[in-house]
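Below, all heavy atoms of this structure are taken into account, side chains as well, without hydrogens, waters or symmetry copies.
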Amino acid sequence: MVSTEQATDLLSREALLLDQKMWEDWLHLYAEDAVYWAPAMVGDEDWTDDPDNDVSLIYMDRAGLEARIFRIEGGDSYATDPLPHTSHMVTNVLVHGEIDGLANVTAAWSVRSYQRVRGAITRGGLYEYGVRETADGLRIARKKIFIHDDRIVGPIDIYNI
Amino acid sequence: MVSVFDNPARSAASLIDDRPEEEIFRVNRAAFTDQAIFAREMSEIFEKGWLYLGHESQVPAHGDFIATRIGTHPVFVMRGGDGNVRCFYDACTHRGSKLTGRTSGNATTLTCRYHGWCFNADGVCTLVRGGKEAYRGGDLDRMSTDLREIAGLGSYKGFLFGCLDADVPPLDDFLGGAKPFIDLMADQAPDGLEVLRGESRYMMEANWKLQTENSTDGYHVATVHRNFATTVAYRETLSPDGDGGMAKTEASRILSLEKIGSGGYDVGNGHMINWADRGNPEAGPLWPQRDELLQRFSEGKVKWMLERGRTVTLFPNLLFNDVASTCIRVWRPIDVNLTEIETWCIAPRGEAPEARRARIRKYEDFFFPASLAVPDDVRAMEGVQTGSDALDDGWNDLALGRKTLVYGADEAARELEVTPLNSNPGREVETPFFAFWREWAARLG
């Protein structure tokens, strides 16, 4: 059973690696079969819940995450050059037992992002993780990101949600 | 040098340098930055023409509504108890309070949150709270308490358009030469199209017309979206099995422009078309239905449906995009340098699960502010907005493609049996823009 302390450590580590732009180390936290999912909003209160029939803001496997790193590091994406400075604030980390053999972890998040062209952007929401215990430590098998901002200012990518 | 701070008011005509006999077409960049021009656009374009409101599939049942704006006016589209769709100004007839508190929903009775007046889904005022005690006989008749409908509401194949001015040509005439291209999307679904769940709403710190140009601009694809193409190509090397078949993205059409057919049209009334051959049409979600489509439509039309990606940009702020996936995009001006953009994925009803899944994944790849493409577009348009302030007398000379411009139809247009005002057998052209800017100048007067 994953402890709250272990889960907090994992989520804090992920946040730090993103804020330090250590993409490969960040990716290493994800399992080979990882699913990374940011549902889209439906009306004012709901989110899409069926990625096969509804549109999501992001729905990616691990190859998708790797491709995002390729996009960011290549310097060829106008929106991503220069990258903003980010600070991920992750709090209220709780472990709620297991779902499908994965520790179900929730947390609140807020990211302050600053880039000279756009200035400061802050957005926030909730995380829901499915975490797997492996011989190499904890790995993220599922990450669902609820983004509360529904009139999105600036780009959204792995580094600022 | 003339200071930007002491310019006299500029007319729209002075910002367009259109000399057909000399084959010169230029647009002054003040069109993107002038506050007085923006105010005229609101009154002459957004209050006096057909504008996209939504798709009928978004309001299937009695009481379903979607709240939106026409220009600066809040309006909502609602399905009445009689089955008819109407569009009302979103304001209580009592004291003007906005009636819808949500972007969409269902309410067979709308109750004003301020003083409690009620309206049914047909717009009829059904309750004036305390009215019998406080109003005299003729008071409520004088006020006309029923909700006010906008002047015009029209539907073309399920796409709903509204207009605040009764004195405009019928919707059918306005859509005109764009209709055969809208049909390529609408007719591919024997059971009709449906807007999928999942919204996207994002802000662009740039003038709305930059999105109009960008939507039909094939020239930026190989630069701004080179990153999209290389990123998805890289991703496909990581999971060749997982991303094969229908899910395979058409990176090739972006990277190898010279090898594929492409073109752009001015189809009149400010509408513009841009198209390019699909890199691998058999990977399109519609390909499995090819034989069935050939029984219903001409070979030329089916070729256009399946083998050519199309962007259909309708005057002034609507895009139907049928490329790797299918997208509706609307961009609504908020200020001269601020625009709100909304997109929806639209798909044939009853589509096979694997085709639907592939369509959605490709849509997410390209059309969202969290995608691999739209953020780069937004940044590019914001860069143009900022740069347009650099010169007080900066002109965009839209000569790209003049060399290959054809008046009337080209070969691809003849395959669809349409006759554009002008055609250009190449995607990297600016000549379709003449359509938009001529309509823009004519509307502003």
- Among B:Gly101, B:Ala370, B:Gly105, B:Ala380, which has the most heavy-atom pairs under 4.5 Å with chain A? B:Ala370
- When you look at CZ of B:Arg113, are more than 12 heavy atoms from neighbouring residues, nucleotides or ligands closer to it than 6.0 Å? no
- Nearest heavy-atom approach of A:Ser56 to B:Glu364 is N-OE2, 2.8 Å
- Message: Please classify the contact between B:Glu342 and chain A as side chain, backbone, both or neither, with a heavy-atom cut-off of under 4.5 Å.
- Response: neither
- What one should report as the nearest heavy-atom pair of B:Asn227 and A:Asp76 is N-OD2, 3.6 Å
- Note on the structure: CZ of B:Arg235 to CE of A:Met60, rounded to nearest 0.5 Å, is 9.0 Å
- Got more than 12 heavy atoms from elsewhere within 6.0 Å of CZ, B:Arg197? yes
- Query: Which heavy atom of A:Val153 sits nearest a heavy atom of B:Met203, and at what distance?
  - Reply: CG2-CG, 3.9 Å
- Message: Determine whether a donor-acceptor pair (N or O, by modelled atom type, separation under 3.5 Å) exists between the side chain of A:Asp54 and the backbone of B:Gly198.
- Response: no
- Listed by number, the residues in residues 17-49 of chain A that come under 4.5 Å of chain B (heavy atom to heavy atom) are A:Ala40, A:Met41, A:Val42, A:Gly43, A:Asp44, A:Glu45, A:Trp47, A:Thr48, A:Asp49
- Note on the structure: Minimal heavy-atom distance between A:Ala63 and B:Leu238, with the atoms involved, is O-CD1, 3.7 Å
- So which of A:Gly64, A:Pro155, A:Ser77 has the largest heavy-atom pair count under 4.5 angstrom toward chain B? A:Ser77
- Query: Does any heavy atom of chain A fall under 4.5 Å from the side chain of B:Ser371, the backbone, both, or neither of them?
  - Reply: backbone
- Go through A:Arg68 and B:Leu372 one step at a time and tell me if the side-chain contact (heavy atoms from CB on, under 4.5 Å) criterion holds. CA-CA 8 Å; A:Arg68 292 278 172 158; B:Leu372 304 167; 3.6 Å; yes
- Residue, of B:Met204, B:Arg359, B:Glu340, B:Glu351, that accumulates the most heavy atom pairs under 4.5 Å with chain A: B:Glu340
- Is there side-chain contact between A:Glu66 and B:Tyr234, with heavy atoms separated by less than 4.5 Å? yes
- Task: Please name the pair of heavy atoms, one in B:Asp376 and one in A:Ala79, separated by the smallest distance, quoted to 0.1 Å.
- Result: OD1-N, 2.9 Å
- Query: Does A:Arg13 CZ have over 12 foreign heavy atoms under 6.0 Å away?
  - Reply: no
- Note on the structure: Bottom line for B:Glu382: the part with an atom under 4.5 Å from chain A's heavy atoms is side chain
- Item | Residue part contacting chain B, namely of A:Arg62, when any heavy atom lies under 4.5 Å | neither
- Task: Name the member of B:Ser104, B:Ala373, B:Pro369 that forms the most heavy-atom pairs with chain A at distances under 4.5 Å.
- Result: B:Pro369
- Nearest non-hydrogen partners of A:Asp52 and B:Arg361, listed with the distance: OD1-NH1, 4.3 Å
- B:Phe368 and A:Val55, any side-chain heavy atoms less than 4.5 Å apart: yes
- Item | Heavy-atom neighbours of A:Phe146 CZ exceed 12 at 6.0 Å | yes
- Contact origin within A:Asp50 toward chain B - heavy atom pairs under 4.5 Å: neither
